[in-house]
Amino acid sequence: MYSIKNLPTHVGIIMDGNGRWAIKRHLPRLAGHQRGALAIKRIITAAEELGIKILTFFAFSTENWKRDKEEVYGIFDIVRNYLKSSSEELYSHNIKLCVMGDYTKLPEDLAEKITEMLEKTKDNTGLILNLAINYGARDELVRAFNLLAKEGKPEIGAEDIERTLYSSNLPDPDLIIRTSGEQRLSNFMLYQIACAELYFSKVFWPSFTKRHLKKALKNYSKRERRYGGNHK
Ligand code: IPE
Ligand code: IPE
Ligand code: MG
């Protein structure tokens, strides 16, 4: 089997370009989101084959509520269908689902489905599929600080912040991939990606394939991570 050296353990993906993918084809934006969900399935399979342990997908941001209601609820429909249609596969592939973001603000049945799948997959030991839904890094930090304020500690340390983040059960991402040519973070995991490598792909998310993922991983494998230390 073809293998890439220095694989990242945790890859975070800012899936961008669904709308432009659709507009380019004279399709409604939701068709782009639909195809984006297929790309998620494709990239999960590719990540399993390549040996990546944790995949975080940015699916819906706290800022995305600003979009038309039709698009917002259309995205939730797609997430709902995605979870329903992939639940068997998640179980059979030993995939553990995690979620970042206040998913209780989503439509009730969707929130219930998420809770059910988190519970059903919690002891799975294969790939960790972390979905960021209604997620924003500032929101996450505000929530964390409020939890700590309630604890009433006179002083807080980095480990206190880390244990109150949504991602407290996961190591920090090693690599962040953003598709569609935009070069910004859009409020994604700001605390956790302090030392992450960033990779920007011009490809719109619905067109992103295993080949593009491999290209990103090969690029990452050549980088030297220094964490503030000396050059080797
Ligand atoms: C990313 O695609 C998906 C979400 C933000 C939900 P966009 O919908 O942002 O696509 P563009 O950026 O408009 O092309
Ligand atoms: C970031 O994409 C959010 C997700 C991928 C869910 P956006 O398209 O919403 O970000 P901006 O508006 O370009 O910053
Ligand atoms: Mg976008």
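The structure displayed is predicted, hence computed values, not measured ones. Note that ligands are numbered from 1 as they come in the structure, with each ligand's atoms numbered from 1 the same way. The figures that follow rest on heavy atoms only: side chains count, while hydrogens, waters and symmetry mates do not.
Looking at N18 and H33, their side chains do bring a donor and an acceptor atom within 3.5 Å of each other. Side-chain contact, T121 with N124: no donor N or O sits under 3.5 Å from an acceptor N or O. Using a 3.5 Å distance cut-off with no hydrogens or angles, the side chains of E162 and Y191 do pair a donor with an acceptor.
Ligand 1 has no atom lying under 4.0 Å from any heavy atom of E182. Between S180 and ligand 1 there is no heavy-atom distance shorter than 4.0 Å.
Ring pair W65/Y135: centre-to-centre distance not below 6.0 Å.
Regarding atom 10 (O) of ligand 1, its nearest protein heavy-atom neighbour is G19 N, 2.9 Å. The single protein non-hydrogen atom nearest to atom 5 (C) of ligand 2 is M15 O, 3.3 Å, given as residue, atom name and distance. Of all protein heavy atoms, the one closest to atom 12 (O) of ligand 2 is R184 NH2, 4.7 Å. Among all non-hydrogen protein atoms, the one lying nearest atom 9 (O) of ligand 2 is N64 ND2, 2.9 Å. The nearest heavy-atom contact from the protein to atom 7 (P) of ligand 2 is R67 NH2, 3.8 Å. Taking atom 2 (O) of ligand 2 as the reference point, the nearest protein heavy-atom neighbour is R178 NH2, 3.7 Å. Counting protein heavy atoms only, atom 11 (P) of ligand 2 is closest to S186 OG, 3.6 Å.
Because the distance cut-off is set at 2.8 Å, E182 fails to qualify as a neighbour of the Mg ion (ligand 3), as none of its N, O or S atoms comes that close.
Residue contact check: R20 has heavy atoms under 4.0 Å from atoms 11 (P), 12 (O), 14 (O) of ligand 1. If you number the atoms of ligand 1 from 1 as listed, the ones under 4.0 Å from a heavy atom of R29 come out as 7 (P), 8 (O), 10 (O), 13 (O). Of all atoms in ligand 2, numbered sequentially from 1 with element shown, those under 4.0 Å from a heavy atom of F60 are 6 (C). Counting atoms of ligand 1 from 1 in the listed order, those under 4.0 Å from a heavy atom of A59 are 6 (C).
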message: Apply side-chain hydrogen bond (donor to acceptor under 3.5 Å, both in side chains) to residues R223 and N219 and explain how you reach the verdict.
response: CA-CA 7 Å; R223 300 187 191 186; N219 182 294; 2.8 Å; yes

- prompt: Would Y220 and R225 satisfy side-chain hydrogen bond (donor to acceptor under 3.5 Å, both in side chains), going step by step from the backbone distance to the final call?
  reply: CA-CA 9 Å; Y220 170 89; R225 299 183 74 187; 3.0 Å; yes

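Between W205 and F208, the ring-plane angle classifies as parallel under the 30° and 60° cut-offs.
With respect to the Mg ion (ligand 3), D16 has OD1 as its nearest N, O or S atom.
Residues L213 and I43 come closest through the heavy atom pair CD2-CG2, 4.2 Å.
Close N/O approach between W21 and ligand 1 is not found [any backbone or side-chain N/O within under 3.5 Å].
Contacts of S61 with ligand 1, taken as heavy-atom pairs under 4.0 Å, are absent altogether.
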